[in-house]
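Please read all numbers here as calculations on a predicted model, not as lab measurements.
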Amino acid sequence: MPELPEVETVRLGLVQLVQGYTVQRAQDFHPRVLKSSSLSPLSVVAGARITGVQRRGKFLWFTLNRAEALVAHLGMSGQFLIGSSDRPTPKHVRASFLLQRGLRKRELIFTDQRTFGWLSVEPVVAGVPLPAVHIARDPFDALFDKPTVIRQMRSRKAAIKTVLLNQEIMSGVGNIYADESLWRARIHPETAAYDLSMRKITALVDAAIEVMNEAIAAGGTSFDALYINVNGESGFFAQSLAAYGQENKPCPRCGRGIVRIKFGNRSSHFCPRCQVK
DNA sequence: GGAAATGTTTACCG
DNA sequence: CCGGTAAACATTTC
């Protein structure tokens, strides 16, 4: 479930279900699930209490009653799931955590089909774990500086979609919400960022905030069982998408068919009438 | 068999 | 050193 709204959906579930729990045992089952930079093997997390679950952009971390944090990135297909006898044992289990709070016990599982996701025990620098230090604040961060972000975006020569996806300018937006934001702001994805007016870029950032807010309220976007929350449930924002994945379907604004182009190694969807270069 | 899938990092080039 | 671009990473499904 991996763009900001999906990661936030997971985070909210984890706050509800694992915050305050103490790790009894932590195990990893795949040679690449633990980042090579990890300060320690995963098993060393045993004994720590989870004091909170935080997020910056698409990076997620558990704060512990220790100096280090347990950091996670879901990559393309990572999931956290709370163990339940109601559901079949998930495939591609990469790590598991036995948790306890008083008499209550829970299992937290990390699964990842494509293994682009990872876990890591990391030092925290000024409130942010090391792997996320280079990631810019996302729009839901209390210290998000919109005017600065807009200025930085406008200073780039690259295509606006590339700039919107750059996690070091503003974090959180991935391919789905980039296409949706550009559609809402009526901007062609290949427009050079520095050719856009201040007004247009402002509209784009506002659209990104708006669409991600709506997606969080819907529990994220799920196309299939690969993107689900900690209870195994799908979000329903997919039904609200205007552009992403809507090739040949009518633009909800003007009726013209949405087109898909290959761009920067991935697909971009837009309305050729509403979004012109 | 080829293409595509919601991400990040790295290398290379100018 | 910086910005821009392409490729690599791995697995599964259509």
Side-chain angles (χ1 to χ4, degrees), chain A residues 1-10 30-37 55-60 71-80 90-94 111-120 122 129-136 138 152-183 189-195 208 211-212 214-216 218-229 234-247 260-269:
Chain A
M1 297 192 82
E3 294 180 45
L4 187 152
E6 291 74 38
V7 178
E8 178 63 7
T9 299
V10 170
H30 189 282
R32 279 186 312 274
V33 68
L34 193 69
K35 220 173 186 278
S36 57
S37 63
R55 182 188 57 69
R56 171 174 284 191
K58 307 168 196 170
F59 286 71
L60 190 65
V71 189
H73 197 290
L74 303 180
M76 293 284 264
S77 54
Q79 306 177 338
F80 277 111
K91 294 217 187 287
H92 313 294
V93 174
R94 307 305 186 198
T111 75
D112 190 8
Q113 179 195 94
R114 291 171 70 181
T115 55
F116 286 172
W118 48 261
L119 301 173
S120 193
E122 297 278 347
L130 204 51
V133 162
H134 70 291
I135 299 297
D138 63 63
Q152 283 179 10
M153 286 185 170
R154 233 197 134 195
S155 72
R156 297 299 187 107
K157 146 180 189 218
I160 186 60
K161 182 170 175 184
T162 304
V163 173
L164 190 56
L165 289 171
N166 186 333
Q167 305 295 303
E168 299 187 12
I169 298 176
M170 175 177 107
S171 68
V173 175
N175 210 30
I176 296 177
Y177 300 107
D179 282 358
E180 293 303 304
S181 305
L182 289 161
W183 179 83
E190 291 176 299
T191 314
Y194 64 12
D195 283 341
V211 71
M212 289 196 290
E214 293 174 18
I216 291 168
T221 298
S222 304
F223 299 126
D224 53 43
L226 277 185
Y227 305 100
I228 50 181
N229 71 11
S234 294
F236 52 86
F237 196 70
Q239 64 194 51
S240 306
L241 298 176
Y244 183 87
Q246 308 302 306
E247 187 178 15
R260 177 167 73 96
I261 59 169
K262 278 293 274 184
F263 163 63
N265 231 354
R266 44 198 352 174
S267 290
S268 285
H269 312 75

Using whole Å, report how far CG of A:Asp112 lies from P of C:dT11. 10 Å
A:His30 side chain near C:dA10 phosphate (N/O to OP1/OP2, under 4.0 Å): no
When the ring planes of A:His73 and A:Phe59 are compared, do they come out parallel, tilted or perpendicular, using 30° and 60° as the limits? perpendicular
What does A:Thr162 touch in the nucleic acid at a heavy-atom separation under 4.0 angstrom: a base, only the sugar-phosphate, or nothing? nothing
Counting heavy atoms from C-beta on, name the nucleotide in B:dA5, C:dT11, C:dG3 closest to the side chain of A:Gln113. C:dT11
Please tell me if the side chains of A:Glu214 and A:Phe237 come closer than 4.5 Å, counting only heavy atoms from C-beta onward. yes
B:dA5 base to A:Asn175 side chain: any donor-acceptor pair below 3.5 Å? no
Can you check whether A:Ser267's main-chain N or O pairs, donor with acceptor, with A:Asn175's side chain at less than 3.5 Å? yes
Taking 4.0 Å as the cut-off, does a side-chain nitrogen or oxygen of A:Arg114 come that near to OP1 or OP2 on B:dG7? no
Counting only N and O atoms by type, is there a donor-acceptor contact under 3.5 Å from the side chain of A:Gln167 to the main-chain atoms of A:Gly172? yes
Quick check, does A:Phe116 stack with C:dA10? I mean ring centres under 5.5 Å and planes off by under 30°. no
Between A:Ser77 and C:dT12, is there a contact of a side-chain N or O with OP1 or OP2 at under 4.0 Å? no
Side-chain ion pair, A:Lys58 and A:Asp138, N-O less than 4.0 Å: no
C:dA10 phosphate, OP1 or OP2, under 4.0 Å from A:Arg32 side-chain N/O: yes
Scan nucleotides 8-12 of chain B against the protein and return all N/O pairs shorter than 3.5 Å with their distances rounded to 0.1 Å.
from, atom 1, to, atom 2, distance (Å)
B:dT8, OP1, A:His73, NE2, 2.8
B:dT8, OP2, A:Lys58, NZ, 3.1
B:dT9, OP2, A:His134, NE2, 3.0

Sort by first number and list every stem of DNA chain B: at least 3 consecutive Watson-Crick or G-U wobble pairs, both distances under 3.5 Å. B:2-5 with C:11-14, B:7-14 with C:2-9
